[in-house]
Amino acid sequence: MRARLLTIVGVLGLLIARDAFARPTYFAVFTGRYGLTSDDRTYACGNCHFRWTGTGARNPFGTAVEQQLYVGKSINQALQDIENDDSDGDGFTNVDEIVNFKTLPGYSCANFQDAVGAPADYHSFITPMVASCLEPLDIRIAPSQLGFLTDAGVPETLPVTVFNNGQDDPIIVNAYGLLPGAHPAFSVSGPTAPFVIPVGQSVVLNVTFAPPGGVFGAATLRVSSNDPDEADIDVPMNGFGVVHVLAPAAARAACLRDLDIAFRRYSKKHLKAWSECYLDEVAGLACDSGQRDLVIQQAAQKLRDAIGGSKDRRCTAAGITPSLLGYPSTCGGSCGSIQVNSMGRLVDCVVCREDEGMADMLRAGIGTAPPDLPPNTVGSARARACQKQILGAAQKGIAALVKTLARCEIANVTASTPVDCATTLASQVAVIKGKADAPLASCGDTSGLDACPFEPPNDPTCLGQSVESVGSSLVDATVGFND
């Protein structure tokens, strides 16, 4: 009995120690090291991230910190080792900007426009001794160029946004349009010129490419304004009209069924592994990232074996390629760098899209997403149970929605009259969303939780909406692209 008691005491001591030394958040270490408080204008995750409120891609300073962390340094050591660097290239060291000038070490006037959700006066504390990165009268157009890869006979429209990027005067757009010689498949629409864009506002112009067949075309959009040093801005555009040659419908449907089954098995393992990792973190325990990565690696290998690998019976073995399935030549979402030119690359694409979905699920259900672990430790057992229920319902909801919509999309391949699956199955989708939202109502304690229902504007249906968004995106990536 005494030995058993000692064992219990030892385990409790280990858990207490782990909780006491749980990984601190990057932001807490950063602000603590440099003495920043909520009264400081630079008290924001935007020191390291492009998004002012944190998560997602990092700016040059955040990237420099990340590179130091990758080699095993502590957060404090990583910060210290780049203090005398000039990450944003504006002539001032990182530590001078953070401590002495209270400016942002990851931005200069050359890249400050990349920030997302920054405050209105953000332009005034970018670089030391520079009152503002904004000119009195300045126009900005984004994107600076356009590229279309469009199915023949299916018009595609992309926005071009014209910003008043100045700080004093309105922008007057005198004219806009396509320059002579533009391919006739291009057109542009928007408000009648001339029109005025007040300070801090923008106007959207819509460019459409409508290829009648397999064509290549080019055009240039010119926007003329009263900007003194950029009176005319040109946006070059290219467009490819794509004509798809497809495999027989029955062969496509058979391949897609295998892809759907294999992908859903992978997705289930992937979402579960990451959820368990994050649930450990909110409980004050370190995530077992090695076990997590092993589970995901094994699940990914099974997916690769089933599609384009040794166990593939209805795709590669039957001569099916992504092109013959009607798959786009490049992956969608934020995975556009993946060229989908083989079944193996198709798997790379859907794995990447699954990573997107997982991140979106965790962002909604936990409040953060990789590479950032949860910043909060939830104290009460009831709150931890609530967190687990929320994340579990999100996983089940995504799996159910993917299964429901994927079956419909695959049936469309051989159907004489295809249907719009989202519309046809709207009532089933609503039930799935409702089940994802349901655990919130039964939570006994939500203190310390950072999931989307607890963030302004405190929407109790946001989990269901996230399930619908993630599930629909995954179906589009795997089997819904050939509508």
Side-chain angles (χ1 to χ4, degrees), residues 148-158 185 208-215 239-265 267 306-308 312-316 318-333 335-336 340-341 343 346-347 349-350 353-354 356-357 397-433 465 467-483:
F148 293 83
L149 188 64
T150 307
D151 290 346
V154 182
E156 181 181 6
T157 299
L158 296 176
T208 298
F209 181 60
V215 300
F240 289 88
V242 180
V243 177
H244 292 286
V245 177
L246 301 178
R252 280 185 284 137
C255 175
L256 290 174
R257 276 192 289 270
D258 280 7
L259 173 59
D260 171 51
I261 293 170
F263 174 74
R264 284 192 285 111
R265 288 172 178 165
S267 179
I307 304 298
D312 186 332
R313 297 293 180 267
R314 295 182 182 85
C315 294
T316 304
I320 301 293
T321 65
S323 177
L324 291 175
L325 284 174
Y327 210 95
S329 59
T330 57
C331 194
C335 307
V340 187
N341 50 21
M343 295 308 289
L346 173 56
V347 173
C349 173
V350 298
R353 296 300 299 275
E354 166 70 14
E356 274 187 332
I398 291 169
L401 196 138
V402 169
K403 183 176 182 179
T404 299
L405 291 181
R407 285 180 172 178
C408 177
E409 296 289 0
I410 294 170
N412 273 342
V413 175
T414 55
S416 56
T417 307
V419 300
D420 182 279
C421 293
T423 302
T424 303
L425 301 174
S427 60
Q428 295 182 45
V429 171
V431 170
I432 292 171
K433 291 170 64 178
Q465 293 169 3
V467 163
E468 181 180 27
S469 174
V470 171
S472 298
S473 177
L474 292 178
V475 171
D476 286 344
T478 51
V479 300
F481 50 85
N482 49 30
D483 289 350

For a quick test of reading the model, state the closest non-hydrogen atom pair linking V243 to G213 and the distance between them.
CG2-C, 4.0 Å
Can you measure from CG (N412) to CZ (R407) and round to the nearest 0.5 angstrom?
14.5 Å
Go through the steps for R257 and V413 under the test side-chain contact (heavy atoms from CB on, under 4.5 Å), then give the verdict.
CA-CA 11 Å; R257 276 192 289 270; V413 175; over 6 Å; no
Separation of S469 OG from L474 CG (nearest 0.5 Å):
9.0 Å
Look up atom CD1 in I307 and atom CG in L259, then write down how far apart they are to the nearest 0.5 Å.
5.0 Å
Supply the atom-to-atom distance E356 CD to C331 SG, rounded to the nearest 0.5 angstrom.
7.5 Å
Got a donor-acceptor contact below 3.5 angstrom from the Y327 side chain to the A477 backbone?
yes
When you look at V245 and S323, which way does the side-chain contact (heavy atoms from CB on, under 4.5 Å) test go after all the steps?
CA-CA 7 Å; V245 177; S323 177; over 6 Å; no
Could you pull out the closest heavy-atom pair between L324 and G319, with the gap in Å?
CD1-O, 3.5 Å
Could you pull out all residues at least two apart from F209 that satisfy ring-ring contact (aromatic ring centres under 6.0 Å, His included)?
F148, F186
Measure the CZ-SG distance between R252 and C315 for me, rounded to the nearest 0.5 Å.
12.5 Å
Between L149 and P328, is any pair of side-chain heavy atoms under 4.5 Å apart?
no
Flag the pair I320 / R314 as yes when at least one side-chain heavy-atom distance between them is below 4.5 Å, and no otherwise.
no
Say you draw a straight line from OG1 of T404 to CG of L425; how long is it, rounded to the nearest 0.5 Å?
7.0 Å
Within the distance-only criterion (no hydrogens, no angle test), does the side chain of S267 pair as donor or acceptor with the backbone N or O of F263 below 3.5 angstrom?
no
Can you check whether V154's main-chain N or O pairs, donor with acceptor, with D151's side chain at less than 3.5 Å?
no
Locate the shortest heavy-atom distance separating T208 from T157; write the atom from each residue and the value.
OG1-OG1, 2.7 Å
Worked check of side-chain contact (heavy atoms from CB on, under 4.5 Å) between T478 and V402:
CA-CA 10 Å; T478 51; V402 169; 5.6 Å; no
Locate the shortest heavy-atom distance separating A406 from D260; write the atom from each residue and the value.
CB-OD1, 3.3 Å
Which atom pair, heavy atoms only, marks the closest approach of D312 to G308?
OD2-N, 2.7 Å
What I'd like to find out is whether the side chain of I432 reaches to under 4.5 Å of the side chain of K403, using heavy atoms alone.
no
What heavy-atom pair brings P155 and G153 nearest, and what distance separates the two atoms?
CD-O, 3.6 Å
Cysteines C349 and C335 with SG distance under 2.5 Å:
no
